[in-house]
Structures are given as C-alpha cells and as structure tokens.
Amino acid sequence: MVKLSAQRMSQHYVNCSSEDDSRRGSSTNGGDDDDDDDDSDAESVALLADDNPVEVAASSNNRSSEELPRNQQLAFMTEEEQIAMAIDLSCGTSEPSRNDQFARVGAQLFEAASRQVGNREHCSIDVGIGLQPPNTSNWDSWKRKGSCFQVVTYNLWFGCRGDGFPHPEARMSKVADLLLNRHSTQNPLWFAGFQEVVPSLSTVLFPKLQKAGYRIIQETGVPYGVALAIRQAGANDDCACPQIVEANFQPYRQSPLGRGFMYAHCRIPSPGECDEECIVATTHLESFCSKQYDGSKFRGPQILELQQFFFRRMQQHPNIKTAIIMGDLNWDDERLKNSPDPKLLELLSEATGGGAPNGQWKDAFLETNSDRNNKGYSYDTKLNPMFSGSLRRRLDRVLVFRPEDSDIILRQHMIGKDPLPGLTFDKPNTFNGTTREMPVAASDHFGLVTHLSTQAG
C-alpha cells in the first residue's frame with residue numbers, strides 16, 4: 001500500500017446529506033414548477049452521537065424526549081433543527097438557536113462527531129492496493145485508433161441512517177455493474193469519482209472495482225468523504241490506461257462540513273508525438289442544511305479554490321492540457337428565480353485572473369444536450385423510484401477545461417435510473433414518525449457518464 005500524507009482540516013464533522021428534497025425545496029420560495037415542496041418525503045439524516053448514528057424510528061413519537069438519554073433526543077428533532085442548531089454552535093453564526101434544548105443537543109452532537117473523526121491532520125491517502133503500474137506498451141497502437149474515454153461521477157448516498165441503509169450491498173453491487181458494463185477497450189472508463197463514501201458502501205464497491213483493474217484513491221480513517229477510481233490494468237483486455245503521476249486530497253480552506261477534493265495528476269495517451277497530461281478531481285461542495293445554512297456562501301469560494309489549485313498545477317506542468325472537475329457540486333443556478341448560486345461558468349471565467357492558462361471551462365451537459373425537455377436533473381425526486389416528491393436539480397456536473405478551440409466533449413448520459421428488482425425499504429418520515437414502503441435504486445442521485453475524445457476537435 002502506498003500512502004501519501006494529507007493535511008486535513010481539524011474540525012467538527014457532521015454527515016449532512018444534500019439530498020433531502022423537502023429541506024432543499026424550503027430554502028427559498030422559488031417560482032419553478034419543479035420546486036414544489038413535499039414535506040412528506042423528507043429524508044432522515046444520520047448525525048453521529050456517541051459512537052453510532054442515531055436512527056429515527058417510526059415508534060419514537062410515543063416517547064417523551066425526557067425519557068431518553070440526551071444523545072437519543074436527536075431523534076425528536078427534525079433534520080433542519082438538528083443540523084441548523086449544530087451548525088450554529090460550530091460556526092458561530094448569527095442565527096440563534098431556537099431554544100436551549102436544541103443547543104445542548106447540538107453541542108453534544110459535535111462533541112461526539114469530533115470523537116468519531118478524531119484529529120484529521122494526520123489522515124493518509126490510499127493510492128491503491130496490490131496493483132502494478134499500468135502497462136504502457138500498447139499506448140502507440142491504441143493512440144492510432146483515435147479512441148475516446150469515459151469519466152463518471154456518482155454520489156453513492158450514505159443512506160437514511162448514515163450507514164448506507166437501505167440495502168448497501170445490493171446498491172453498490174449495482175453501481176459496480178453499471179460502471180464495469182460501461183468499459184470497453186475502444187472506449188475505456190478511465191476515471192470515476194464518488195461522493196458520500198462511507199465504509200458500508202466502499203467495502204462492497206471498491207473491491208469489485210479493484211478486481212477489474214481500478215486503483216482506488218481514498219482517504220483512510222474518515223467515515224465520510226470522496227474517492228477516485230482510475231483504470232490501471234485490464235483483467236480481460238489490453239486497453240491503454242492513465243499513468244498516475246500524483247494523487248492526494250486537498251481540504252477547502254472554508255468548509256464547516258469538512259469538504260475538499262480528491263485529485264489525480266495523470267499522464268494519458270494522446271494522438272500527438274508527446275503524450276499529454278491531465279488533472280482530474282472529484283468533489284462534494286458544501287451542502288444545503290437549513291434555511292439558516294444553505295451552503296451557498298461557501299460553495300463559491302470552494303469551487304474557485306479548486307480552480308486556482310488546477311491553474312497553479314497547469315502552470316507548473318505545461319503538459320497538462322486537460323482539467324476535469326466532476327462531482328456533486330450542489331450548485332443551484334438554474335431556477336427561474338431565487339437561485340442561491342451564481343451562474344457557475346460565469347463565476348469561473350470572471351475569476352481566472354492573471355496567469356491563468358489559455359482556455360475555458362465547459363459544462364459537459366450544456367455542450368452536448370440538444371433536447372430542450374432534458375434539464376439534466378441528476379437529483380430528481382419525480383423520476384427516482386425511491387422518492388415521490390417534486391424536487392429536481394442538476395446538482396452533479398462534469399466541467400472540462402481545455403485550450404481555446406480544443407473541444408473534447410462528445411456526449412453525456414445518466415445511469416442508475418431503474419429500481420433494483422425485488423427490493424424495497426421502509427422509508428422513514430421524521431415529520432410524522434411514519435414509514436412508507438418504497439422501491440430501492442442504486443442511489444438517490446443518478447450517475448453521470450461523460451464521453452471525451454483523445455483527439456481535440
């Protein structure tokens with residue numbers, strides 16, 4: 001096992017899911033038809049207390065909170081109350097806690113969460129187990145064929161309780177099948193980025209990918225984060241694979257939720273005489289947690305920090321011609337009104353500043369979508385079989401930076417829309433203490449598959 005040291009911001013940690021349709025829908029009074037609130041579909045968020053997630057059970061409402069230990073009192077708070085109170089205490093925001101009881105529970109929540117995570121300044125990055133460097137002997141023959149490659153971003157959904165529930169093994173087996181079925185010698189799946197990675201999911205998914213020839217790059221010793229899978233050796237084919245130059249995790253300077261990005265600097269086969277290099281990152285930008293904490297004031301600085309990191313690397317390594325950002329950006333800039341975030345590409349282009357490499361960012365969906373009815377909703381509570389809501393957002397995105405007049409984006413599509421046959425789960429409703437039997441999908445997000453060319457056009 002090769003490990004690279006990573007400086008991780010030492011801070012309190014909370015598993016704050018970005019995928020609660022009712023919480024997101026209530027952030028503004030957005031005028032879109034697709035923004036209707038549906039409180040009956042609120043997801044339960046797992047917040048760490050003592051050493052275990054608190055499970056919000058349907059039977060909890062028949063007990064008084066005073067009868068329970070203080071750590072279990074979290075089950076009587078709505079998700080918004082839980083997270084907003086905890087954020088208030090952690091970040092010192094101007095929003096006052098609604099009452100002392102919530103403040104006490106929030107303080108205990110963060111104390112427990114801090115014990116769970118520990119001091120993250122000395123975490124390490126696992127850059128692959130038991131894999132040899134990729135065989136580059138077939139690069140020349142592969143380059144002559146002018147092949148393309150694929151990248152995928154997938155929010156795995158840490159689940160209703162923070163432990164991957166429901167059906168983590170079945171869901172991750174499905175994700176593995178979806179990814180491995182995408183791969184081919186002529187159109188290999190080179191890079192996959194994951195968000196909301198928790199142990200109950202990674203211990204199922206990652207061994208399957210490693211067996212198929214992928215190197216997994218992930219933080220070790222943290223219960224929730226991001227990861228990259230990079231094709232290194234084909235078990236049953238001889239496709240060309242990227243050669244990893246460097247990989248590491250970089251925390252954002254401002255992130256109460258402890259977010260950052262995992263990146264890899266790679267050498268890739270290209271049609272020219274000199275092989276190009278690329279830099280790829282997956283990230284999970286600050287989540288919406290409550291009306292008081294919608295994360296928007298942090299998402300902008302975070303994406304700009306990532307862009308600046310990339311630009312510095314591109315200046316230091318002139319052979320880097322391609323930069324790719326993929327992940328759950330939680331970016332909400334496409335409502336008809338009241339969008340909390342600015343237009344993403346405009347923000348990035350206006351902030352390039354002096355010394356930026358010659359080129360521009362392109363959004364893979366915007367570049368390739370020709371269907372006016374396709375809005376690219378990767379988080380869609382109308383279409384995802386696990387939901388019956390109305391919230392629809394294009395939270396997941398793939399951004400590609402290339403030199404001017406050097407486009408490599410071919411197409412993009414989604415995976416993971418179908419329910420898993422024969423599986424259901426009792427979906428909890430924390431507002432009224434009931435449950436409802438629902439189908440199970442691979443995740444609450446759809447995966448995004450983007451096809452890129454090795455020959456710029």
Side-chain angles (χ1 to χ4, degrees), residues 127-154 172-194 205-217 227-245 247 264-282 319-324 326 364 367-368 398 400 402 406-416 442 446-457:
V127 193
I129 300 174
L131 288 177
Q132 298 298 318
N135 181 4
T136 60
S137 61
N138 59 347
W139 276 24
D140 290 339
S141 61
W142 189 83
K143 288 191 294 185
R144 287 193 294 269
K145 300 172 184 176
S147 297
C148 57
F149 65 97
Q150 303 173 68
V151 301
V152 171
T153 179
Y154 219 136
M172 292 305 99
S173 293
K174 180 63 175 180
V175 170
D177 290 343
L178 289 170
L179 298 181
L180 297 179
N181 288 338
R182 299 301 319 161
H183 175 81
S184 69
T185 301
Q186 296 302 312
N187 188 15
L189 173 57
W190 275 354
F191 303 100
F194 305 104
L205 175 61
F206 291 167
K208 294 179 183 296
L209 297 181
Q210 287 175 319
K211 185 177 180 180
Y214 286 88
R215 179 165 293 182
I216 305 300
I217 304 174
L228 280 171
I230 303 177
R231 186 80 178 186
Q232 292 291 274
N236 299 308
D237 58 51
D238 59 352
C239 74
C241 299
Q243 186 176 28
I244 299 174
V245 177
H265 172 191
C266 297
R267 178 170 167 253
I268 58 175
S270 61
E273 293 184 2
C274 298
D275 292 313
E276 288 188 6
E277 296 175 9
C278 73
I279 187 166
V280 180
T282 188
N319 282 341
I320 298 180
K321 304 298 184 183
T322 301
I324 301 171
M326 55 181 176
E367 290 296 313
T368 60
V398 175
V400 180
R402 285 283 301 180
S406 179
D407 190 13
I408 63 170
I409 302 173
L410 300 176
R411 60 188 181 276
Q412 185 180 84
H413 62 91
M414 296 184 191
I415 56 176
F446 300 140
L448 285 186
V449 181
T450 304
H451 299 252
L452 303 173
S453 174
T454 57
Q455 298 188 16

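Just so we're clear, the structure is a prediction, and the values are computed from it rather than from any experiment.
- Inter-residue side-chain proximity for M414 and V449 is flagged as unmet; no heavy-atom pair is nearer than 4.5 Å.
- Listed here is the closest heavy atom pair of Y154 and G416: OH-CA, 3.4 Å.
- Counting heavy atoms from C-beta on, the side chains of L452 and I324 come closer than 4.5 Å.
- Here the side chain of Q243 pairs no donor or acceptor atom with the backbone of I268 at under 3.5 angstrom.
- Between L180 and K208, the closest heavy-atom pair is CD1-O, 4.3 Å.
- Residues C266 and F191 form a side-chain contact, since some pair of their non-hydrogen atoms from C-beta on lies under 4.5 Å apart.
- Counting only heavy atoms from C-beta outward, the side chains of D407 and R402 never approach each other to under 4.5 Å.
- Here F194 pairs with F206 under the ring pair (Phe, Tyr, Trp, His ring centres under 6.0 Å) rule; sequence neighbours left out.
- Contact detail for A442 and V175: the closest heavy-atom pair is CB-CG2, 3.9 Å.
- In terms of heavy-atom proximity, T185 sits nearest to P188 at O-CD, 3.7 Å.
- Judged as a side chain to side chain contact (heavy atoms under 4.5 Å, CB included), and not counting sequence neighbours, the contacts of L410 are C148, H451, S453.
- Distance check: E276 CD to T322 OG1 gives 5.5 Å after rounding to the nearest 0.5 Å.
- Taken from OG1 in T368 to CD1 in I409, the straight-line distance is 7.5 Å, to the nearest 0.5 Å.
- Atom CD1 in I217 sits 7.5 Å away from atom CZ in R215 (nearest 0.5 Å).
- Considering CG of L189 and CG of L209, their distance stands at 8.5 Å, rounded to 0.5 Å.
- Residues R231 and C241 come closest through the heavy atom pair O-CB, 3.4 Å.
- For the atom pair CE (M172) and CG (L205), the distance works out to 6.5 Å, reported to the nearest 0.5 Å.
- Counting heavy atoms from C-beta outward, Q232 and I230 have side chains that approach closer than 4.5 Å.
- From I415, atom CD1 reaches atom CG of L178 across 5.0 Å, with rounding to the nearest 0.5 Å.
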Stepwise side chain to side chain contact (heavy atoms under 4.5 Å, CB included) test for L448 and Q412: CA-CA 7 Å; L448 285 186; Q412 185 180 84; 4.0 Å; yes

